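Quick caveat, the model's predicted, so the values are computed rather than measured. Proteins come first, then strands; the chains are lettered A, B, ... in the order of their sequence lines, and each starts at number 1.
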Amino acid sequence: MALVKYNNNSISAITAASSLTSGAMTLIKEQTASSSATISFVDGTSDVVLDSTYPIYLFKFINVHPATDSVHFQVNFRDGGSSYDATKTSSVFEAYHLESDDSSLAYKASNDLAQSTGVQRITSNIGNDNDQCGCGELWLFNPSSTTFVKHFIVRSVHYGNPEVYVEDYYAAGYCNVTAAIDAAQFSMSSGNIDSGTIKLYGIKDS
Amino acid sequence: MAINVANNNSLASITALPSAVSGGAMTLLETQTASSSSTISFTSGIDDTYDEYVFKYYNVHPSADGTHLQVGFRDGSTAYDATMTTTFFRAGHAEDDGETYLAYRTDSDLAQSTSAQRLGIFIGSDNDQCCSGELKLFNPSSTTFVKHFIARTSNTYYVDYHQDEYIAGYCNVTAAIDGVQFAMNSGNIDAGTFKLYGVS
């Protein structure tokens, strides 16, 4: 066996560490929007893993800035075909607070889905002023199951227009399919994703 | 250079791993323990290294009964006074089962204010009472966008209720946020642990 020597207190030439603990949360893929109509994470494409490797997947979206004012950031899921049209039922509620000091906590019927193949809104109306954007996270549970529906939960926060407000946004639901979910696609309800970072993580169960 | 040797199949004195070996996406940057502390401040390590920072706070016990754990953000000066607009709502349940509620709380949000944001309200100071939760701060180094944050706190309300508290907002500044400070609105943080993580 060749002798592997230490290199200034780091370890060089190591390519695998099967018995080392590497943390339960692994960054799989990061994508940066730049006037993008869609940002897609497709299992098996561009180093994306979205299969039975992990039981839980986490998307984080950071500083998502729309090209068009007052539009929704949204997601859809692919369940076997080439289309992002998995049937979904979901619930949404939100708290908002205007900079002018009006506030509310309420269910948001306009953003939920009932057995719909349409997109799921994961923010409300993000403004497109230069400093406006949205951030948040989406958890997708066991997308590779061919037995159960596929649950997801979302929490996001954004700087909204036209009323100028902050919104704390909650969505949850399930893809009502037993086919595996093997891809997710993000977009705006109108216009492009002008800029923003979307990351996909895998969460280990052992 | 001294030769380091393997130690019973572990490796001693190693301070860095090669890029091929992942250390995980979440890195513990700092831990602070409160002990009759007027403030707990994180003054370094919040920069463009990570685009998300997570604070975990647990067993936060106030010295004064019925006081609030709160947070302020530093946006370039020495003061933790970044302008914020925020939301605050909570679910509550009395230990005697006599009341439950879910409602927005207008006295705990901020509208373009430089005051501190409440993360836990009316925390009890009985020996066993405290609050725990997490605060996520997105991309604090941006000099283009406002800085969003979300938080959730589980709290022992001083009148023997549990409260599940949800907070979100933005620092309405384009200057980078480079420091975060926790405090009670009155009295000290008698005890508690605060941890800062970077998410790669």
side-chain contact (heavy atoms from CB on, under 4.5 Å) against A:S36, all qualifying residues, sequence neighbours excluded:
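Per chain and number, A:S36 pairs via side-chain contact (heavy atoms from CB on, under 4.5 Å) with A:A33, A:I39.
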May I ask you to name which of A:G134, A:S100, A:A95 has the most heavy-atom pairs under 4.5 Å with chain B?
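If we count pairs closer than 4.5 Å to chain B, A:A95 comes out on top.
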Against chain B, work out which of A:E167, A:Q132, A:H158 has the most heavy-atom pairs shorter than 4.5 Å and name it.
A:H158
Answer yes or no: is there a donor N or O on one side and an acceptor on the other, between the side chain of B:H148 and the main chain of A:V166, under 3.5 Å?
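No, the answer is negative, given that no donor and acceptor are paired below the 3.5 Å cut-off.
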Does B:T86 offer a backbone N or O that forms a donor-acceptor pair with the side chain of A:H97 under 3.5 Å?
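Confirmed, A:H97 side chain pairs with B:T86 backbone.
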Checking heavy atoms, do the side chain of [X], its backbone, both or neither come under 4.5 Å from chain A?
{"X": "B:Y166", "result": "both"}
{"X": "B:V199", "result": "both"}
{"X": "B:T174", "result": "side chain"}
{"X": "B:R105", "result": "neither"}

Would you check if the distance from the ring center of B:F145 to the ring center of A:Y159 is below 6.0 Å?
no
Do A:Y165 and B:Y170 make the cut of ring centroids closer than 6.0 angstrom?
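No - the distance between ring centres of A:Y165 and B:Y170 does not fall below the 6.0 Å cut-off.
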Chain B contact via [X] - which portion, at a heavy-atom distance below 4.5 Å:
{"X": "A:S104", "value": "backbone"}
{"X": "A:Y170", "value": "side chain"}
{"X": "A:E99", "value": "both"}

Roughly how far apart are B:M26 CE and A:T26 OG1, rounded to 0.5 Å?
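Reported value, rounded in 0.5 Å steps: 13.0 Å.
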Are there more than 12 heavy atoms of other residues, nucleotides or ligands under 6.0 Å from atom CG of B:D107?
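Yes, because the 6.0 Å sphere around CG of B:D107 holds more than 12 heavy atoms from other groups.
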Choice from B:G169, B:S200, B:S113 maximising heavy atom contacts with chain A below 4.5 Å
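Max contact count across the listed options: B:S200.
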Residues of residues 120-141 of chain B with a heavy atom under 4.5 Å from any heavy atom of chain A, in residue-number order, are B:K136, B:F138, B:N139
Please examine the side chains of B:F89 and A:D168, heavy atoms only from C-beta on, and report whether any two atoms are closer than 4.5 Å.
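They are in side-chain contact.
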Test item: B:D109 and A:S103 side chains (from C-beta on) under 4.5 Å apart, heavy atoms:
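Heavy-atom side-chain distance check passes, below 4.5 Å.
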Quiz question: by atom type and distance under 3.5 Å, do the side chains of A:D101 and B:Q112 form a donor-acceptor pair?
no
Mind checking salt bridge (charged side-chain N to carboxylate O under 4.0 Å, His left out) for B:R90 and listing every partner two or more places apart, or none if nothing turns up?
none
Can you list the steps and then say if A:R155 with B:I150 is a side chain to side chain contact (heavy atoms under 4.5 Å, CB included)?
CA-CA 9 Å; A:R155 185 180 184 186; B:I150 55 178; 3.8 Å; yes
Suppose the criterion is side-chain hydrogen bond (donor to acceptor under 3.5 Å, both in side chains): which pairs have a residue in residues 180-193 of chain B, not counting sequence neighbours?
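Qualifying pairs: B:S41-B:Q181.
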Pairing of B:D51 and A:K60 as salt bridge, 4.0 angstrom limit:
no
Quick one, A:V157 with B:T87, criterion side chain to side chain contact (heavy atoms under 4.5 Å, CB included). Give me CA distance, side-chain angles, the key distance, then yes/no.
CA-CA 10 Å; A:V157 58; B:T87 59; over 6 Å; no
